[in-house]
Amino acid sequence: MSAGSFYYSLCFQSLFLFCITLILLVPFASFTATIITRNSVQNERDEVALTAFKSKIVYDPQGVLSSWNESRHFCEWEGIKCGRRHRRVTVVHLTSKGLSGSLSPYLGNLSFLRKLILYNNSIQGEIPREFGRLFRLKSLSLFNNSFIGEIPANLSHCSRLKILSIGHNKLVGKIPPEFVSLHKLKELGLHRNNLTGGIPHILGNLTSLEVISISYNAFGGNIPDSLGRLRKLWFLSLSANNLMGTVPPSLYNLSLLSTFSVSQNQLHGVLPSNLGLTLPNLQSFLISFNLFSGSIPISLSNASKVELVDMSVNYLSGKLSIDFGGMQHLVKVMVHTNNLGSGEIDEMKFINSLANCSNLGTLSIAANRIRGVLPNSIANLSTKLQYLELAENQLYGSISPVIGNLVSLNILDMFKNQFTGTIPIEIGKLQNLHVMSLGNNQLSGEIPVSLGNLSLLTKLNLQNNKLSGVIPSSLGNLKQLSLLNLSQNDLSGTIPEQIFNMPFLSISLNFAQNHLIGSIPSTIGSLKILSEFDVSDNNLSGKIPNEISLCSNLEYLYLEGNFFHGAIPQSLSPLRGIRQLDLSRNNLSGQIPKFLETLPLEKLNLSFNGFEGEVPMKGIFTNASAISIVGNDIKLCGGIAKLQLPKCLNNDPKKDKVSSLFKILIPTASVVLGLIMISSFIFCWLKKRGKEQVFESLLEKSLLKVSYEMLLKGTDGFSPTHFVGAGSIGSVYKGILDQNGAIIAVKVLNLQHQGASKSFMAECKALRNIRHRNIVKVITSCSSIDFQGNDFKAIVYEFMVNGSLENCSIGVKGTIGYAAPEYGLGNEISTNGDVYSFGILLLEIVTRKKPTDVMFKGDFNLHSFARMALLDRVMDIVDPMLINEEIVATNHRMRQALYDSREECLISMVRIGVACSVESPQDRMNISRVVHELQSVRKLLLQPTTGLNVQRRQ
Ligand SMILES: *[C@@H]1O[C@H](CO)[C@@H](O)[C@H](O)[C@H]1NC(C)=O
Ligand SMILES: *[C@@H]1O[C@H](CO)[C@@H](O)[C@H](O)[C@H]1NC(C)=O
Ligand SMILES: *[C@@H]1O[C@H](CO)[C@@H](O)[C@H](O)[C@H]1NC(C)=O
Ligand SMILES: *[C@@H]1O[C@H](CO)[C@@H](O)[C@H](O)[C@H]1NC(C)=O
Ligand SMILES: *[C@@H]1O[C@H](CO)[C@@H](O)[C@H](O)[C@H]1NC(C)=O
């Protein structure tokens, strides 16, 4: 057989075999073909839907959707699962991928979908109504995204839905009444949205429900009685919803309940006495921040599974007589800020029963009316105890040394009781203590040296006791302290120098009302971030040290009631943040310095000293009620009329005699002078017009003045060796300023270039009001005439080694990131431009990210970074330093409120920053609105507090 015929025969045989097979298969063939076609059409539809989904996702930082391509069947794509036989999509699961964009309505075509799980992303837009077509859907989890709009009522068609988890979004509107048909629903998660319209009665018809989590909305209204029908419920959280009325008694009958949370509402009524019996599975009982009254049911002692009890901030009263002996899982007991207390003297006996609770971490009974002594059984409290808050009660007796056993304590707060005796040295064993407040008691004896061992302490308050002896120098070891208050005691001796070596002291250093002697050491200059320094009413002497000028964050300086002498030092003039200054009742003398006019003071007390000479008339001195100068020598004169001081005698003794002459002369002279001024102004204006606008002095008086000559000298005649770079509108030189040796960068504007002058002014204006460590600091500017008689304009910056100036530095780039984008286009400077700079600065302060951070590229900048986070995760981008600090308010009703208000403040600040820094100038927030909003932020922060939060004097 030839090769050719061999192949022929092989082919023929194959063909034959194929035909046979075909014939045999005919009966099935048509059937299979239909299935294949139908399935492939459906499959295609799934692929189209997934592709549509992908196309709407605009940001996919982890690149998960890049695997969604032709190289693999869509069933193999990341996050997709298909049925084994029909190859239809059954699960879409993409969580915590940072996805941003919106959801495609095409997803509604995935008719085999059972689970759509997309939680922890940043997806925006509405939840597509088309999801109502997903009739096989069992689980829809879109938790922690940025969805807006209403919950689609169509979801009620997903009759197999078991889990609906769409909390942590921005949904509005009501729970659709159509949901009454979701008979299989087990879990309803809607918390942290903006839902309203009351909790619907129909939830009571969804008898499969096991979990209702709808806290942090604005539902309002009452809790419907019908919820009592949900016998399978084990998790119920209705917190923070403006709910009113009482809790329907039937809810306390849901015996499976393990979490019961209705905190932060306006609910009232009493707790049923058999609570602990009807809710035997209770683990978390959270009713804080409501109006509950009556006593705490003793039956709670039977709820042996309880871990968390928070009944704080209500009007509960009576004796705290729960027997905690059977509650071995207890972690937190918070009953602070109620009216607990019976007047009986054994009210602290309950402490004995806590001995078995080996997991107890928090015990807070503060701000009640509990009387009694602290029993020695505190020694048996869990060594895991972190928070012991007993403040603002009527506890008395001594503090037992056994307190040293509680080695995990973070916060020990016994403020405002009637404790007596000494501070036990054993307190020095509490090495984990961050905050200790024993203030407002009647403790006596010396401050134990062992307190110096508490190296993690950030706040120490011993104010208003009867402590005596000297301030132990060991306190200087407390390097983390931000607040130290030893005021109102009987302390004597000098202030140990070591105290001034605490770099984190930022809130307050207060030794007021003791008997301290000696002078303020010059090391005070180390307290660079301190905001309040109070040594008033002691026996301190000497001069006010010059080094105080280094405490540049000082806002409150109280030195009154001592024996300080000498003049008010010029060194106070750099205290640019000072609001209150009290130097009264000392032996200070000399003139009242004029620089006080320029400080942002709100209160100034100079009374009872020996000041003399002219009282200034500007700044704080214009407000007679904000200053006090009484009790000085009669040598003071001048000032505003309201002070009623004699006129200062100036050098012209004839002045009085000729005053009648002046009465005629002055009006005449002013008319003439006025005419001269107006005409010369018109003359100048006409002369300058066409050349350039009247140049406003952009320099503040405090800025260094430099001349053309000085810059010429400092840059060696603008020599090439000093040249850093050039651009269209000018050149930059590095130089040294003779005056103070500062290394500077001088940007000399090429005034021939059109717009250079404009840019100069824009830059000066944009920069002059900005004071921030991360902004290239403008030292001064110079507008002058060079030796050839030409206009010369230059801006002088602090030189940044390897900094942005060297790297880029022409146009407004010295301020890169801060100057409004339109300035780059040579636009006129405007308020809108300032608003932009302000916005960026605000964002930088809150996020601690510079606009020039390497992470920002192209359109992704500090503004867009913040804007994206604004949707729902602001706290993730906030500088952790701003939120890590514990807030301690001994008024515990305030504490949670303070945490909340801090968060709210930060969110507001980011919102303002974003609104100010939008690209288009006309869309930026109006400046008066900014001021208004910032004022509301400030109000949030100024809520009254007691205890460790510094109380400002009025
Ligand atoms: C396509 O997906 C595969 C993984 O499925 C991936 O390795 C490949 O890089 C993707 N191709 C593109 C162009 O993204
Ligand atoms: C899928 O859904 C979209 C939008 O809901 C619709 O326009 C489209 O026609 C549907 N069908 C297919 C086969 O994609
Ligand atoms: C929300 O998602 C982000 C991003 O995955 C995550 O960092 C954050 O912790 C989530 N928040 C909550 C409350 O789960
Ligand atoms: C809801 O339950 C109540 C009480 O059982 C019943 O009267 C009502 O008809 C139910 N509503 C619907 C829509 O099923
Ligand atoms: C709670 O349950 C008990 C016993 O099952 C019953 O007697 C009582 O009426 C119920 N109370 C409410 C308010 O449903």
Side-chain angles (χ1 to χ4, degrees), residues 47 50-51 54-55 57 59-82 93-101 117-124 141-147 165-171 187 189-193 204 207 213-217 222-233 236-237 239-240 245-257 260 269-282 297 299 302 847 865-866 868-878 880 883 900 903 907:
E47 184 166 0
L50 290 178
T51 311
K54 180 181 171 177
S55 73
I57 298 297
Y59 186 59
D60 172 18
Q62 300 174 26
V64 276
L65 299 184
S66 64
S67 77
W68 289 28
N69 62 40
E70 298 287 338
S71 74
R72 287 198 210 165
H73 188 267
F74 63 81
C75 288
E76 316 275 302
W77 291 353
E78 180 167 353
I80 302 299
K81 275 194 191 139
C82 292
H93 187 126
L94 293 165
T95 61
S96 305
K97 304 293 185 203
L99 300 179
S100 159
I117 316 286
L118 298 172
Y119 63 83
N120 290 1
N121 283 294
S122 303
I123 305 174
Q124 295 133 321
S141 180
L142 307 177
F143 167 83
N144 191 13
N145 277 281
S146 300
F147 290 105
S165 173
I166 51 179
H168 264 277
N169 280 293
K170 299 183 167 316
L171 301 168
E187 191 179 321
L190 307 177
H191 54 282
R192 289 189 190 268
N193 279 292
T207 48
S213 175
I214 61 173
S215 55
Y216 292 92
N217 280 287
N222 296 330
I223 302 176
D225 203 23
S226 63
L227 297 191
R229 301 212 303 266
L230 303 175
R231 309 295 320 175
K232 295 183 178 161
L233 212 59
L236 177 66
S237 176
S239 315
T246 56
V247 175
S250 56
L251 284 195
Y252 298 117
N253 247 6
L254 297 176
S255 59
L256 295 183
L257 269 187
F260 178 89
V270 299
L271 300 170
S273 60
N274 58 354
L275 182 78
L277 300 168
T278 56
L279 299 176
N281 290 300
L282 207 56
S299 68
N302 296 319
T847 63
F865 169 71
M868 274 150 61
L870 199 52
L871 294 167
D872 61 338
R873 43 188 179 84
V874 174
M875 298 315 281
D876 298 350
I877 64 160
V878 165
I883 35 184
D900 290 349
E903 186 167 331
I907 292 173

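We number each residue from 1, following the sequence as shown. Side chains are part of it too, since the values below use all heavy atoms of this structure and drop only hydrogens, waters and symmetry mates. Every number for a ligand or one of its atoms is a count from 1 in the order of the listing.
- If you look at ligand 5, the protein residues with a non-hydrogen atom under 4.0 Å away are Pro249, Ser250, Asn253.
- Between Phe143 and His168, the distance from one ring center to the other falls under 6.0 angstrom.
- Contact atoms of ligand 1 toward Asn69: 1 (C), 2 (O), 3 (C), 8 (C), 10 (C), 11 (N), 12 (C), 14 (O) (distance under 4.0 Å to a heavy atom of the residue).
- Heavy-atom separations between Phe143 and ligand 3 include at least one value shorter than 4.0 Å.
- Proximity to Asn120 (heavy-atom distance under 4.0 Å) selects the following atoms of ligand 3: 1 (C), 2 (O), 5 (O), 10 (C), 14 (O).
- More than 12 heavy atoms of other residues, nucleotides or ligands shown are found within 6.0 angstrom of CZ on Arg231.
- Atom-to-atom distance recorded for Asn193:CG and Ile214:CD1 is 11.0 Å, nearest 0.5 angstrom.
- Backbone and side-chain nitrogen or oxygen atoms of Asn121 are examined, and none is located within less than 3.5 angstrom of a nitrogen or oxygen of ligand 3.
- Put simply, the side chain of Leu171 does not reach to within 4.5 Å of the side chain of Asn217, judged on heavy atoms.
- Using modelled atom types and a 3.5 Å distance limit, the side chains of Asn120 and Asn144 yield a donor-acceptor pair.
- The OG atom of Ser67 sits 13.5 Å away from the CZ atom of Phe74 when rounded to the nearest 0.5 Å.
- Within 6.0 Å of atom CZ in Phe865, more than 12 heavy atoms from other residues, nucleotides or ligands are found, so the atom counts as buried in its surroundings.
- Atoms of ligand 1 lying under 4.0 Å from at least one heavy atom of Ser71, given by number and element, are 1 (C), 2 (O), 3 (C), 5 (O).
- Contact analysis puts His168 in contact with ligand 3, with a non-hydrogen atom separation below 4.0 angstrom.
- Lys97 places no side-chain N or O within donor-acceptor distance of the main-chain N or O of Gln62, the cut-off being under 3.5 Å.
- Set against the non-hydrogen atoms of Ser66, the atoms of ligand 1 under 4.0 Å away are 1 (C), 2 (O), 10 (C), 14 (O).
- Shown here is Lys81, whose NZ atom has no more than 12 heavy atoms of other residues, nucleotides or ligands within 6.0 Å.
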